[in-house]
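Working notes for the structure below.
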Number of protein chains: 2
Amino acid sequence: MTLTAAQPSPVARLYPAELMPSVGELFERAGVAMTFCADEEIYAQGEATDLVYRVTSGSVRAARLLSDGRRQVAGFYYQGDLFGLETAPIHRACTEALCDTRVFAVRRSALRHYGELGEHLERMLWRATGEELSQVRDHMLLLARKNAVERVAGFLDDIAQRLGGDWVDLPMTRQDIADYLGLTIETVSRMLTQLQVEGVVQFQGCRRFRIRAPARLASLVAA
Amino acid sequence: MTLTAAQPSPVARLYPAELMPSVGELFERAGVAMTFCADEEIYAQGEATDLVYRVTSGSVRAARLLSDGRRQVAGFYYQGDLFGLETAPIHRACTEALCDTRVFAVRRSALRHYGELGEHLERMLWRATGEELSQVRDHMLLLARKNAVERVAGFLDDIAQRLGGDWVDLPMTRQDIADYLGLTIETVSRMLTQLQVEGVVQFQGCRRFRIRAPARLASLVAA
DNA sequence: CGACTGCTTGAGAGTACTCAAGTACTGTGG
DNA sequence: CCACAGTACTTGAGTACTCTCAAGCAGTCG
C-alpha cells in the first residue's frame with residue numbers, strides 16, 4: 001500500500017447548502033489517497049474501525065472467515081462505493097483489493113475537526129450505512145430463499161447494473177462469487193454454463209460477459 | 001392497533017450530557033404508544049418509513065415476500081429493540097407482532113422539532129442502524145455457510161442470549177424459524193429433535209426450552 | 001514451451017426438500 | 001368434563017439439488 005497524499009489539514013469553512021461538495025470531493029478533501037495492488041489487504045478482521053474508505057478506481061472484496069476455514073464474502077465494492085462502515089470498534093470482516101485499486105480514506109474520529117464539512121460527511125456515512133443495510137438484506141433473501149441458478153442470475157444482474165456498459169468485466173474469481181453466493185465454485189461454474197447454453201447471457205473468456213435476454217434474466221431474479 | 005397516548009408535544013430543553021435520557025425514555029417522551037395483538041401488522045411492505053419503533057413488551061417479526069410466495073423472515077425484535085430503521089422512503093419488509101405487543105413509535109420527520117432530545121435520538125437511531133447491519137451480516141454468514149444443525153443451534157443460542165433466563169419461551173412458530181433460517185419447517189423440527197436427543201437442549205412442550213450443554217452448543221455455533 | 005493458476009465438466013454421495021401421515025396442543029361446544 | 005375440530009408440530013420415505021472428489025481444459029507468465 002502506498003500513501004500518495006499528505007495528512008489532511010482541517011477544513012472548516014462555511015458552505016451554503018447548495019454548494020456542498022459531493023461525497024467524492026469530500027473524501028478527496030478530507031481524506032488520504034491510498035493505492036493497493038491485486039489481493040492486497042486494505043484492512044484486517046479485528047482491526048480498529050477508525051477509517052472509512054471510498055473507492056476511487058478498482059474494486060474491493062469484504063470477507064469473513066469461520067474458524068474451520070469456510071469463507072464468506074460479505075460484499076463487493078466498486079468505484080464510488082463507501083466501505084468500512086461499522087459501528088463496532090473493531091472490523092468483523094477484512095477487505096482486500098480485487099485488482100489494482102485506489103481509495104481515499106477518512107479518519108472518522110477527525111471528522112469533528114472539519115466543521116460543516118465533517119458534519120456533512122457524517123450524514124453521508126449514515127446514509128451509506130442505511131443503503132448498505134438494505135443491500136445486505138436483499139442479499140440475505142437471496143441466500144435464504146433462492147436456488148443456485150437464481151443466485152447466479154441475481155449476481156450477474158446486480159453487477160451488470162452496477163458496472164454498466166454492454167460488456168461487463170468481472171473483477172473477481174469464481175471462488176469469490178461462490179463464497180459470496182453461498183455456493184461452491186463448481187456449482188457457480190455449472191450455473192454460468194447453463195445460463196449461457198440457455199442464451200440468457202454470453203461469455204467472452206471467463207471474465208467478460210453480456211446479457212442477451214434481459215427479460216429472462218429478470219424473471220430468474222424475481223423478487 | 002390502539003393508540004394509548006396523545007400526540008407528543010415538542011420537548012426542547014437543554015440536557016447536560018450525563019443526564020441525557022435513555023433510549024427507552026426518549027421514545028416514551030417523544031413517541032406514541034401503540035398495542036398490537038398476535039399476528040397483527042405493525043407496518044406493511046411498501047408503507048412509508050416515517051415512523052421508527054421501539055418494543056416495550058412482546059416481540060415482533062419482520063418479513064419479506066417473494067412474488068412466488070416464498071417468504072423470508074428478516075429478523076425478530078424483542079423488548080428494548082428498535083425497528084423500522086430504513087433509509088429508503090418505503091419499507092422493504094413488513095412487520096407483525098408475534099404475540100400481544102406494545103411499542104412506542106416516533107415520527108422521524110418530527111425529530112428536528114425536538115431540539116437536543118431529537119438530535120440525541122437521531123444519534124441513537126444511527127447507532128442502532130449500525131448494530132443492525134452487523135447483526136444482519138452475521139446472519140448472512142449463517143445463511144451462506146452453515147448447515148441445518150448449525151443454523152438451528154445458532155438460532156437457539158441467539159435467542160437464549162437475547163431473552164435470558166434459565167428457560168426460554170419461543171414467541172415464534174416453527175414456520176417463522178424456518179423462514180428466518182432459510183430451511184423448511186420439517187428440517188427445523190428434525191434438527192430440534194436431534195439437538196434434544198443429543199442432550200444439547202431440553203424442550204418442555206414445543207415452545208419452551210433450556211440449554212443443557214452450553215459448550216456443545218457453542219461448538220456448533222462456531223464462528 | 002512448460003508450469004501454474006483458474007475454470008469447467010463428470011460421476012457419485014449427502015443433505016435438505018417434498019409429500020404424506022401421524023401426534024400433540026388449544027379452544028369450543030355439548 | 002369430555003368430545004371434537006383446528007392448528008401446530010413431528011416423523012417417515014423417497015426425491016432432488018448441491019456438494020465432494022477427480023480429471024481435463026484454458027488462459028497467463030516466465
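We name chains A, B, ... by the order of the sequence lines, and we start the count at 1 in each one.
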Would you kindly give the [atom1]-to-[atom2] distance between [X] and [N], to the nearest whole Å?
| X | N | atom1 | atom2 | answer |
| --- | --- | --- | --- | --- |
| A/D169 | C/dG6 | CG | P | 18 Å |
| A/D176 | C/dT5 | CG | C1' | 14 Å |
| B/L192 | D/dC9 | CG | P | 10 Å |
| A/R174 | C/dT5 | CZ | C1' | 14 Å |
| B/Q194 | D/dT11 | CD | P | 12 Å |
| A/L143 | D/dT18 | CG | C1' | 15 Å |
| B/R207 | C/dT26 | CZ | C1' | 12 Å |
| B/M172 | D/dT7 | CE | C1' | 18 Å |

Would you confirm whether the ring centroid of B/F83 sits within less than 6.0 angstrom of the ring centroid of B/Y77?
->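 Judged by ring-centre distance (under 6.0 Å), B/Y77 and B/F83 do meet the cut-off.
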Check for a donor-acceptor pair, side chain of [X] on one end and backbone N or O of [Y] on the other, with a separation under 3.5 Å.
| X | Y | value |
| --- | --- | --- |
| B/E198 | B/L195 | no |
| B/T187 | B/L183 | no |
| B/T101 | B/S59 | yes |
| A/H139 | A/Y180 | yes |

Below 4.5 Å, heavy atoms only, C-beta onward: do A/E132 and B/L133 meet side chain to side chain?
->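 In short, these two side chains touch, coming nearer than 4.5 Å.
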4.5 Å side-chain heavy-atom contact, A/P171 and A/F76 |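 Heavy-atom side-chain distance check fails, nothing below 4.5 Å.
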Charged N to carboxylate O under 4.0 angstrom, A/D169 versus A/R207?
->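 No, A/D169 and A/R207 are not salt-bridged.
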A/R64/A/D179 salt bridge by N-O under 4.0 Å criterion |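 Looking at A/R64 together with A/D179, the answer is no, because their closest N to O distance does not fall below 4.0 Å.
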Which nucleotides of nucleotides 24-30 of chain D have their base under 4.0 Å from a protein heavy atom (B), which only their sugar-phosphate (S), and which neither (-), written as one string 5' to 3'?
-> -------
What string of B, S and - do you get for nucleotides 10-23 of chain C, 5' to 3', if B is base contact, S is sugar-phosphate-only contact and - is no contact with any protein heavy atom under 4.0 Å?
-> BB----SSBB----
Using a cut-off of 4.0 Å on non-hydrogen atoms, how would the nucleic acid contact of B/S189 be classed: base, sugar-phosphate, or nothing?
->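 Base contact.
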